[in-house]
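Worksheet for the structure shown next.
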Protein chains: 2
Amino acid sequence: MSTIGKALALLDTLSRLDKEAGLTDIARLCALDKATARRFLVELEKHGFVEQDPDSRRYRIGSAPVRLARIREARFPFLRIAIPFIKALAESSTETVHLSEFSGGRLSTIHVEDSPRAHRIIVDVGSLLPFHATASGLAFLAFCPQTEIEAALAKNLERFTDSTVTDPQLVRAALDETATRGFSISHQGLETGVISTAAPVRTPSGRPIGCVAIAAPLSRTTKTAIQEFGALAVATANAISEKYYGSERPTGTIPDIRRRD
Amino acid sequence: MSTIGKALALLDTLSRLDKEAGLTDIARLCALDKATARRFLVELEKHGFVEQDPDSRRYRIGSAPVRLARIREARFPFLRIAIPFIKALAESSTETVHLSEFSGGRLSTIHVEDSPRAHRIIVDVGSLLPFHATASGLAFLAFCPQTEIEAALAKNLERFTDSTVTDPQLVRAALDETATRGFSISHQGLETGVISTAAPVRTPSGRPIGCVAIAAPLSRTTKTAIQEFGALAVATANAISEKYYGSERPTGTIPDIRRRD
DNA sequence: AGCTATGGTTCAAATAATGAACCTTAGGCG
DNA sequence: CGCCTAAGGTTCATTATTTGAACCATAGCT
C-alpha cells in the first residue's frame with residue numbers, strides 16, 4: 001500500500017474515534033510502527049489535517065478539511081440540497097431517514113433526521129454502511145456496473161445478525177429484485193428489530209452517488225408500509241438527483257467570472 | 001519533502017483552482033511529474049479526497065473532507081460559534097468583517113460578512129493572509145512565541161503594494177505596537193485603498209488560533225474610526241475565545257454517551 | 001490521413017519510508 | 001525520595017517505495 005494511502009487511512013481511523021488519541025493508540029489502531037505513525041502525524045499536522053493538543057499531546061482532526069469541505073459544498077452542495085428533502089421525508093414517514101454518500105470506496109452516513117416518535121431507530125452520522133447488510137448498501141450496489149457488484153461480493157461478507165444474508169448468491173438475488181423494484185429492503189441485516197428501505201441518488205448517467213434510506217422498528221411496520229416507504233424513498237432520491245444535477249451542473253464547468261487562468 | 005506532504009500540497013493546489021483541472025495542469029501547477037501526479041490522484045481518489053469526472057476526466061475535491069469537517073465542527077464548532085459574532089460586528093461597524101484560522105502553517109479566511117454599504121471591501125473565503133502584509137497576519141504573529149515570529153520574518157516578505165512593509169525590522173516594530181495595543185492595523189499592506197484592523201482569537205493559554213478583522217475603504221476611514229474598529233475587533237475576538245473555550249471544552253474530553261470503547 | 005495535445009502506463013534507477021532499539025519525560029507508588 | 005512503568009518521541013542502517021523519461025492510446029482538429 002502506498003504511503004499516501006496509509007496516511008489517509010490513519011486520518012480516517014482518527015476521525016472515527018470519539019475522542020482524541022495518543023500516539024501509541026493511533027499506531028496500534030492503524031497497525032503502524034510508532035515511528036511511522038509519528039511521521040505521518042507530523043506531516044498531516046503541517047498541512048492542518050490533524051492537530052496535536054499542546055497539553056495532552058493527543059491528536060485530533062485539524063481544520064484543513066473544513067476549508068476543503070466549504071469549497072466542495074460551494075460547488076457541489078449535496079448536503080445543502082438534500083437535507084430539506086430528507087427532513088420532509090422524515091416528517092411524512094414519521095420514521096428515521098438517513099442520507100449516505102459513496103466516498104473512498106465506502107458508503108458513509110452523512111445526514112440523519114430522526115423520527116419524531118419516541119420509539120425510533122438511531123443512526124449515527126459518519127457510520128459505515130456495509131453493502132450486503134444494509135438497505136442503502138443494496139440500493140447502491142444494485143445500480144452499479146456488474147464488475148463493481150462482483151468486486152463487492154468477492155470480499156468477506158460479515159455477519160451482523162442472524163438475518164444477515166452472507167451468501168453471495170442470495171445477495172445477487174436481492175440486488176436483482178432491488179434493480180427491478182427501484183428500492184431495496186433490508187430485513188434486520190445490520191441490527192435486529194430494524195427494517196429499512198433505500199433508493200439511490202444517481203447522476204444523469206445513472207451512476208449512484210449515495211442513498212436515501214428509511215429505518216423503522218420491525219414491530220410496527222407492515223408489509224404495505226414497507227412498500228410505501230420504498231416508494232417514498234425512490235421519490236425523494238429522484239427529487240434530490242434532479243435538483244442536484246438540474247439547476248447546478250456538477251458535471252460541466254462552473255460559469256466562471258474570472259478570465260485569466 | 002515527504003510523499004504525504006506532496007500529496008496534501010496537491011490537494012491544496014486543487015482546492016485553490018476555481019474549476020476542475022486536468023492531469024497535465026495539475027502536474028505542472030504542483031511541479032510534479034505527470035506519472036507522479038496521476039498516482040497521487042488515484043490514491044487520493046481511493047480515499048474520497050478527490051473525484052474524477054467520468055466524462056471530462058478532470059479532477060476536483062472529493063467528499064471525504066466534508067465528512068471530516070462535520071466531525072471536526074461537531075467537536076470544535078469554531079465557525080458555528082464565531083459566525084454570529086462576526087455578523088454582529090459587520091452590522092455594528094458597517095464594514096466587511098472576516099474571520100481567519102491558522103491551519104497548515106498559514107492563515108486562511110474561513111468566513112466573511114460583507115459590509116451592508118455599496119462601496120465595500122470584498123474578501124474571498126479560502127484566501128490566504130500573508131503574515132507581514134495583513135492586519136490578520138500581524139495580529140496573529142504579534143501574540144505568537146518569539147521563535148515563530150522570527151521564523152515567519154526569515155522568509156521572503158513579498159511586496160503587494162507600494163505600502164507593503166517588507167523590512168523585517170519594521171514588521172517587528174509593528175508587531176510590538178500590536179502586542180501592546182491589542183490589535184493590529186494594516187495600511188494598504190495587501191491592497192491599495194484598504195485599511196484593516198484585526199485582533200486574535202486565542203486559546204486559554206494565550207496562543208492565537210485565528211483572527212477577527214475589519215476591512216474598510218481608506219477613503220472614508222478616519223483615525224478615530226480605526227481605533228474604534230480595533231477596539232471592536234478585540235472585543236469580538238475575546239468574546240469568541242471565551243465562548244469557544246468556555247462553554248464547550250475543546251482541550252478536555254467530550255462527555256461521551258457511549259461507554260464501550 | 002496526419003498532427004498534436006492530453007490522459008494514462010512502464011520499469012530501471014533514485015530516493016524516501018521503515019522499525020527495532022534507543023532516549024526522555026511524567027506520573028504512580030512503596 | 002527513588003524506583004518503576006508507560007507514553008511520547010528520535011535515530012539510522014536496512015528495505016521497499018517512489019520517481020520520471022520514455023512510451024502508448026485516444027480524441028479533436030486541420
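On a predicted model such as this, the values are computed, not experimentally measured, just so you know. We name chains A, B, ... by the order of the sequence lines, and we start the count at 1 in each one.
Donor-acceptor pairing under 3.5 Å is lacking for the side chains of A:T109 and A:S100.
On the nucleic acid side, DNA chain C has its first and last nucleotide under 4.0 Å of a heavy atom of chain B at C:dT6 to C:dA17, going 5' to 3'.
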For residues 25-36 of chain B, tabulate all N or O donor-acceptor pairs below 3.5 Å that involve a side-chain atom, not counting sequence neighbours.
from  : atom 1 : to    : atom 2 : distance (Å)
B:D25 : OD1    : B:R28 : NH2    : 2.8
B:D33 : OD2    : B:A35 : N      : 2.8
B:T36 : OG1    : B:R39 : NH2    : 3.3

Which donor-acceptor pairs under 3.5 Å do side chains of residues 3-11 of chain B form with protein atoms, sequence neighbours excluded?
none

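Under the rule for a side-chain hydrogen bond (donor to acceptor under 3.5 Å, both in side chains), the partners of B:E51 that lie at least two apart in sequence or sit in another chain are A:R72, B:R60. In terms of the ring-ring contact (aromatic ring centres under 6.0 Å, His included) criterion, A:F143 has no residue partners (sequence neighbours excluded). With sequence neighbours left out, the side-chain hydrogen bond (donor to acceptor under 3.5 Å, both in side chains) criterion links A:T13 to no other residue. Take B:S205 and apply the side-chain hydrogen bond (donor to acceptor under 3.5 Å, both in side chains) test, not counting sequence neighbours, and it matches B:T203. The side-chain hydrogen bond (donor to acceptor under 3.5 Å, both in side chains) search around B:R70 returns none, not counting sequence neighbours. For the side-chain contact (heavy atoms from CB on, under 4.5 Å) test, residues two or more places apart in sequence or in another chain that qualify with A:R57 are A:Q52.
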If the sugar-phosphate is the primed atoms plus P, OP1 and OP2 and the base is the rest, what is the B/S/- string for nucleotides 6-22 of chain D, using protein heavy atoms under 4.0 Å?
-SBBBB-----SSBBB-

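Rounded to 10°, the angle separating the first-five-pair axis and the last-five-pair axis of the helix from C:dA1-D:dT30 to C:dG30-D:dC1 equals 30°.
A salt bridge (charged side-chain N to carboxylate O under 4.0 Å, His left out) check over residues 132-153 of chain A, counting only residues at least two apart or in different chains, returns the pairs A:E148-A:R207, A:E150-A:R172.
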